[in-house]
> 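Just passing along the structure, written as structure tokens.
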Amino acid sequence: MMNRCGLLTVNKEPVPLKSIEVELEVRDHVATVVSTLNYENKEDKPVEAVFVFPLPGDAAVCHFSAKLGQTQIVAEVKEKQEAREEYDDALSSGQQAFLLEESQQSPDIFSLSVGSLPPGESASIRLEYVTELAVQADDGLRFSLPAVLNPRYQPQGSEGSSVQVTSVPASLVPYSLSLSARVSSARPVSKVESSCSLDPLQYLNTDQTQATIKLSAGHKFDRDVELLIYYKDAHQPTAVVEAGQTSAKQGSLMGDPVVMVSLYPEFPQSVMSTVASRGEFVFLLDRSGSMEFSLNNSKQEKTRISSARDTLLLLLKSLPMGCYFNIYSFGSSFEHIFPKSVEYSQQTMEEALKKVEEMNANFGGTEILMPLRHIYSQPCIPNQPRQLFVFTDGEVGNTKEVVDLVKRNSGSHRCFSFGIGEGASSALINGLAKEGGGHAQFITGTDRMQPKVMQSLRFALQPAVVDVSVTWDLPKGVSVTALSPPITVVFQGQRSLIYAQLTGQSSEAAEGSVTVKYSLAGHPSQNQLNFSLKPAEDTGSTVHRLAARTLIRSLEMEEREKREEKDGVKKKVVELSVQSGVSSSFTAFIAVNKTDGEAIQGPLLRRNIQTLSTCKRRRCTTMQGFSALPPPAQPHLRAGGSPLEQQELVSQMKCLRKPVMSLINAGAKSRLSGRHSFEQQLGSRYPDVSLNDDGATASQSPRDPLLQLVSLQKASGCWQLDPALAAALGKTSEEVEKSKPALVNNEGWATILALIWLHGFKMDAKEEWELLAMKAVSWLRAQNALRVTDCVDAGNALLGSSVQKDALGL
């Protein structure tokens, strides 16, 4: 039987999406993205094209239009069911129609239906959204254009209907992508980096505050497009006031001015230099089959699961004595190393590391709810604040259910999340951290997981900020309505965003101020920002749309939490979505070509557009959250829906392996049940899949020298003088022992040698080993009789380095 995956649909017809053009405008930390999708129907019958694709989970989709020849149709936001019915009515009467809707299960997945595209005709779809850019560990701002949509695992029993997704080879994406970006700021743009190939940065003025950059031609669809934007002088607190729309009602969100405040708290150095010695650290590791693939699709690169194992080694070595910890791992089921969290000691650390070394990506699907519920069912340990670290490639279909669970338990813990590999759900990773009062990180392309995770551990070891309050000082006659949820977490150097609606009149020369107060390590602190109430002239409606998106997401969560009054909250969301023109889970964009013209004749063929998924083996699944549209009335039946064709399609799908690219099923409205896992649909759980495509077991690569040295450290912080340490330092046991100064104990000498090696040869990875080195220094300080100066001199002579005693912290 012919394998029909690839450029062709199940009926061996070409898919109609030809190209995607993206224009990006970045102003400080806010990005406006305009995507143009160009379609062409080369068939002899009218087609309906359906494209399921990812967007950033926190994006505010605010414009959708279609151009047919010289006719421009701008979509309206309507209640979702009403929009669907209007779309079907249009197709039934031979009109052209376009429908854009957000997934019910995850706000980072959208479905675009292009209905009744006549033979030989082209259409251009314009989609616009605005989003905030996240601050990275090195002060860069991260913009990600998700080109990758991995099929999402839907646990059994989860609610939500589905759209069928199958898969084809990544190299055969039938459409092209171009991207150009314009960056502007009050501060100079120092550089722009990317995991993809870029043309050189072009400055537009002499002070370098404006620049343009383009994605190089020939982009391959094997990764998300990520830009890291760096400004000189890093980040400063700002406030932007945006005037209300004159056409909107005064007193409404869109009619009143809105202010966006960005704060970057700076904590006292005396507090930052201290590390908490308490805490319960719970690590939750994804061991589903997709964790077996490499971070950037290269056979030379480490797999996601092996990188996660290395990271757990660093984490366990960096934990402070006196804390508690446990490690959970999950897939279709879950397990934990200890029945409950245990005190950190040499014995428990060694036991945990032994189990971690044995962990593989052999747990099947991605059912994260079960382990989370088990963790939250465990009583918290008095005076040991719970810190949860979640590592996952984010391929889940029940995102909102998971995030809601974390929010319900946010009072008992902080949650730090890590999205591993291309296609990790931004809605899941950001949602876990936001609702859990922690911090989110994404590891893609050539990123190393360890420095990003260690930054989050430093955040977790910082004293918790409590009693956060926001107060406003505004001119008489001006009142303020908060649009953002209350701030519950503040981290050193990380941005805190506040949106607020300003009601009332004031002179343009008037000023206001906002103050954030909090308690840090028992000391009251505050950050204040004064700002002008004069509206900015060049922001359009960007701030209003971001504020509306923030309020919509809060209301959607409130609707899911309430057992009663759900309809009232849903009505508020629909009204706000329609008023602001920003998408929600209860609304959709609908555009119908109502210009006079002949009805489109002939049977309507359904053509489904491939979207990228990164995994190297193929599999099939269902995409959750899109209710199937009811079929239009005769005679415009969608082709490809006979039971025989559907049966043949299912038999083809069973031969598919792990996903490379998601392709919506060309069958009519039938679909496999979304209540079964990928593996159940394929009839197996691929328990021990090899990295190599030929089925051979991948060989274990030699351990990184840094990790080799770290693996030898004891829980107390010291190293032992033994042949393994000598080998890690590149010396023989005889050389190491002969160089030891007289009257110095073996452990003290070994520990100073390890610190000298780290400072002398691994300064480029300092953020990875800094915490475990601090623990070593604390151990050394407790050794009163140690001759530190003699040891450092002898160590430098042995290792061929020139590290100063002061640099070691001694």
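Index from 1, following the sequence.
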> Ignoring hydrogens and geometry, is there a side-chain-to-backbone donor-acceptor pair from S106 to I109 under 3.5 Å?
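No; zero donor-acceptor contacts below 3.5 Å.
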> With a sphere of 6.0 Å drawn around CD of E350, does it hold more than 12 non-hydrogen atoms of other residues, nucleotides or ligands?
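Yes, CD of E350 has more than 12 neighbouring heavy atoms, counting only those of other groups under 6.0 Å.
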> Just checking, any donor-acceptor pair under 3.5 angstrom between side chains of Y264 and N527?
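No, no side-chain donor-acceptor contact under 3.5 Å.
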> For D28, which residues count as a salt bridge (Lys or Arg N to Asp or Glu O under 4.0 Å) partner, sequence neighbours excluded?
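Not a single residue meets the salt bridge (Lys or Arg N to Asp or Glu O under 4.0 Å) criterion with D28.
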> If a pair satisfies ring pair (Phe, Tyr, Trp, His ring centres under 6.0 Å) and one of its residues is in residues 421-449, list it, with sequence neighbours excluded.
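Listed once each, the pairs are H439-F459.
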> Which of parallel (below 30°), tilted (30 to 60°) and perpendicular (above 60°) describes F334 and H336?
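The rings of F334 and H336 sit tilted, inter-plane angle from 30° to 60°.
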> Side chains of S519 and D467: donor-acceptor distance under 3.5 Å anywhere?
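There is no such pair between these side chains.
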> Taking C-beta and beyond as the side chain, do P371 and L284 meet within less than 4.5 Å on heavy atoms?
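Yes - at least one pair of side-chain heavy atoms lies under 4.5 Å apart.
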> Do E768 and K762 touch side chain to side chain, with heavy atoms closer than 4.5 Å?
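No; the side chains remain at least 4.5 Å from each other.
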> Here's a test for you: under ring-ring contact (aromatic ring centres under 6.0 Å, His included), which of Y328, F416, F418 qualifies with F391?
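Of the listed options, the one satisfying the test is F418.
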> Quick check: do L709 and L725 have side-chain heavy atoms less than 4.5 Å from each other?
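SC-SC contact between L709 and L725 confirmed.
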> N362 and R287: side-chain donor and acceptor closer than 3.5 Å?
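Looking only at side-chain atoms, R287 and N362 do form a donor-acceptor pair, the distance falling under 3.5 Å.
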> Can you pull the side-chain hydrogen bond (donor to acceptor under 3.5 Å, both in side chains) pairs that have at least one residue in residues 402-417, sequence neighbours excluded?
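Those involving residues 402-417 are Y376-H413, Q387-R414, D404-R560.
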> Is a side-chain donor-acceptor pair under 3.5 Å present for S341 with N326?
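Short answer, no.
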